[in-house]
Amino acid sequence: MDLSIKYKRPARFGEELRVRTRVKRTETSTLEFTCDIVGEDGQLTASGRTVHVLTDMNGVLQYTLPPVIAERLEKMMAFLGV
């Protein structure tokens, strides 16, 4: 797994924040998500990225997505228009 985040400005207690998350298509068994955290004023508060590598129960790297995950991911991306 890989995680990175860039803080742009502080969020204040009580401030309503919106988290916008996107998933990126990959040809491997990784899932990559990017997100932006936006304040009430529309200003970017932080942005980040996570990469998840799929393994089996024994920790062995999977080179393709399991069918059930691939199907659910395709449905989610179709819904999001990605």
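Note that the coordinates shown come from a computational prediction; the quantities given were computed from them, not determined experimentally.
The closest donor-acceptor contact from the side chain of Glu16 to the backbone of Glu40 lies at 3.5 Å or more, if one exists at all. Side chain of Asn58 to backbone of Val60: no donor-acceptor contact under 3.5 angstrom is found.
Under the side chain to side chain contact (heavy atoms under 4.5 Å, CB included) criterion, Lys8 pairs with Lys6, Leu44, Ser47, sequence neighbours left out. With sequence neighbours left out, the ring pair (Phe, Tyr, Trp, His ring centres under 6.0 Å) criterion links Phe33 to His52. For Glu15, the salt bridge (Lys or Arg N to Asp or Glu O under 4.0 Å) test picks out Arg9, with sequence neighbours left out. Annotation: salt bridge (Lys or Arg N to Asp or Glu O under 4.0 Å) contacts of Arg18 (sequence neighbours excluded): none.
For the pair Leu73 and Leu31, the minimum side-chain heavy-atom distance is below 4.5 Å.
Separating the OG1 atom in Thr34 from the CZ atom in Arg22 is a distance of 3.5 Å, to the nearest 0.5 Å. From Asp2, atom CG reaches atom CD of Glu32 across 8.5 Å, with rounding to the nearest 0.5 Å.
Annotation for Ile37: hydrophobic cluster partners, listed by chain and number, are Leu17, Val19 (ILVMFWY side-chain heavy atoms under 4.5 Å, direct or chained).
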Do any side-chain atoms of residues 74-82 form donor-acceptor pairs under 3.5 angstrom with protein atoms, and if so which ones, sequence neighbours left out?
residue : atom : partner : partner atom : Å
Glu74   : OE1  : Arg25   : NH1          : 3.4
Glu74   : OE2  : Arg25   : NH1          : 2.9
Lys75   : NZ   : Glu71   : OE2          : 3.4

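Between Gly39 and Thr45 the shortest heavy-atom distance is N-OG1, 3.6 Å.
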- Item | Thr30 and Leu54: CA distance, side-chain angles, deciding distance, side-chain contact (heavy atoms from CB on, under 4.5 Å) verdict | CA-CA 6 Å; Thr30 60; Leu54 299 178; over 6 Å; no
- Given Leu3 and Arg49, is the side-chain contact (heavy atoms from CB on, under 4.5 Å) satisfied, shown in steps? CA-CA 6 Å; Leu3 168 96; Arg49 174 180 164 267; over 6 Å; no
